[in-house]
Amino acid sequence: QVQVVESGGGLVQPGESLRLSCEASGISSSMYGVHWYRQAPGKQRELVAGIDIPGSTNYADSVKGRFTISRDNAKNTVYLQMNNLKPDDTAVYYCNFNNFFSNYWGQGTQVTVSS
């Protein structure tokens, strides 16, 4: 059975940092591209960052220079380092493992940025 579990969310003040983790079990994460999405209340889910199988990364313009996605295939885990957080980053953050054959989502982790 495949499980994808996000962790690391919380309440922080503007300018602070958080590191989200996304661990997959039941699959070999090295065979998947992984993307982080977020959804704020009343808004559509949006793509935040992605990392493909070879390790190339891409980011939404709104987070470039502040967020970094990385992966540790030995731990079946993908990370999202978020620096200089802003109130607009408040959302539920989801990760997604996908390849040509399969697509798996986690349950999300809440990130709240507020003073």
Side-chain angles (χ1 to χ4, degrees):
Q1 182 178 357
V2 178
Q3 280 193 314
V4 175
V5 180
E6 301 97 336
S7 62
L11 171 62
V12 296
Q13 294 188 345
E16 295 186 337
S17 299
L18 279 174
R19 188 177 81 155
L20 306 183
S21 299
C22 178
E23 182 175 3
S25 58
I27 59 172
S28 176
S29 66
S30 63
M31 303 299 291
Y32 292 80
V34 185
H35 295 83
W36 284 96
Y37 292 80
R38 67 187 181 187
Q39 188 165 19
K43 295 186 177 180
Q44 289 189 332
R45 190 172 295 189
E46 63 173 352
L47 177 64
V48 175
I51 185 165
D52 64 13
I53 292 172
S56 297
T57 59
N58 61 86
Y59 299 92
D61 287 344
S62 59
V63 306
K64 279 181 183 175
R66 300 188 298 122
F67 290 13
T68 303
I69 188 171
S70 61
R71 66 192 305 163
D72 184 340
N73 289 333
K75 295 182 178 180
N76 260 12
T77 301
V78 174
Y79 303 97
L80 186 67
Q81 178 67 43
M82 307 187 295
N83 298 329
N84 190 22
L85 282 161
K86 304 176 180 181
D88 282 351
D89 296 318
T90 296
V92 178
Y93 284 71
Y94 301 89
C95 71
N96 172 259
F97 283 74
N98 64 88
N99 62 20
F100 184 78
F101 303 101
S102 306
N103 187 26
Y104 303 105
W105 288 90
Q107 82 293 344
T109 185
Q110 176 70 47
V111 172
T112 303
V113 185
S114 175
S115 55

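All values reported here derive from a predicted model rather than from experimental measurement.
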Quick one: list whatever passes side-chain hydrogen bond (donor to acceptor under 3.5 Å, both in side chains) with [X], sequence neighbours left out.
X   : answer
Y93 : R38
S30 : S28
E16 : none

If the condition is side chain to side chain contact (heavy atoms under 4.5 Å, CB included), which residues does [X] pass it with, not counting sequence neighbours?
X   : value
E23 : T77
S25 : Q3
K43 : A40
I53 : none

| request: Check the pair Y32 / Y104 against side chain to side chain contact (heavy atoms under 4.5 Å, CB included), numbers first and verdict last. | output: CA-CA 10 Å; Y32 292 80; Y104 303 105; 3.6 Å; yes
| When you measure from the side chain of N103 to the backbone N and O of N96, does any donor-acceptor pair fall under 3.5 Å? |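 Side chain of N103 to backbone of N96: no pair is present.
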| request: Consider only side-chain heavy atoms of I, L, V, M, F, W and Y, link residues closer than 4.5 Å, and tell whether V111 and L11 are in one cluster. | output: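 As far as the 4.5 Å side-chain criterion goes, L11 and V111 are not connected within one cluster.
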| request: Among Ile, Leu, Val, Met, Phe, Trp and Tyr joined by side-chain contacts under 4.5 Å, find the other residues sharing a cluster with Y94 and list them by chain and number. | output: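 Taking Ile, Leu, Val, Met, Phe, Trp and Tyr as members, Y94 shares its hydrophobic cluster with Y37, L47, V92, W105.
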| task | Among Ile, Leu, Val, Met, Phe, Trp and Tyr joined by side-chain contacts under 4.5 Å, find the other residues sharing a cluster with F100 and list them by chain and number. | result |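 F100 clusters with F101.
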| request: Working to the nearest 0.5 Å, report the span between CZ of R71 and CG of N76. | output: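 The CG atom of N76 is 9.0 Å from CZ of R71, to the nearest 0.5 Å.
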| task | Rounded to the nearest 0.5 Å, what's the gap from SG on C95 to CD1 on I69? Could you check? | result |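 Going from the SG atom of C95 to the CD1 atom of I69 covers 9.0 Å.
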| Nearest heavy-atom pair of S29 and F97: which atoms, and what distance? |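 Nearest pair, atom of S29 first, then F97: CB-CE2, 3.5 Å.
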| query | If every non-hydrogen atom of V4 is compared with every non-hydrogen atom of Q107, which pair is closest and at what distance? | reply |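 Heavy atoms only, the tightest pair is O-OE1, 3.5 Å.
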| request: Name all pairs fulfilling the side-chain hydrogen bond (donor to acceptor under 3.5 Å, both in side chains) condition that reach into residues 49-61, sequence neighbours left out, sorted by first residue then second. | output: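 Found D61-K64.
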| task | Decide side chain to side chain contact (heavy atoms under 4.5 Å, CB included) for T90 and S114; before the verdict, give the C-alpha distance in whole Å, the side-chain angles of both, and the deciding distance to 0.1 Å. | result | CA-CA 8 Å; T90 296; S114 175; 5.9 Å; no
| salt bridge (charged side-chain N to carboxylate O under 4.0 Å, His left out) contacts touching residues 90-114 (sequence neighbours left out) |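 Salt bridge (charged side-chain N to carboxylate O under 4.0 Å, His left out) check on residues 90-114 returns no pairs.
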| request: Check whether any side-chain heavy atom of S7 sits under 4.5 Å from a side-chain heavy atom of T109, and report yes or no. | output: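 The answer is no, as the side chains (C-beta and beyond) never meet within the 4.5 Å cut-off.
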| field | Full working for side chain to side chain contact (heavy atoms under 4.5 Å, CB included) between L20 and E6 | value | CA-CA 7 Å; L20 306 183; E6 301 97 336; over 6 Å; no
Please tabulate, for the side chains in residues 78-88, all donor-acceptor contacts under 3.5 angstrom to protein atoms that are two or more places apart in sequence or on a different chain.
residue: Q81; atom: NE2; partner: N83; partner atom: OD1; Å: 2.9
residue: N83; atom: OD1; partner: S17; partner atom: OG; Å: 2.9

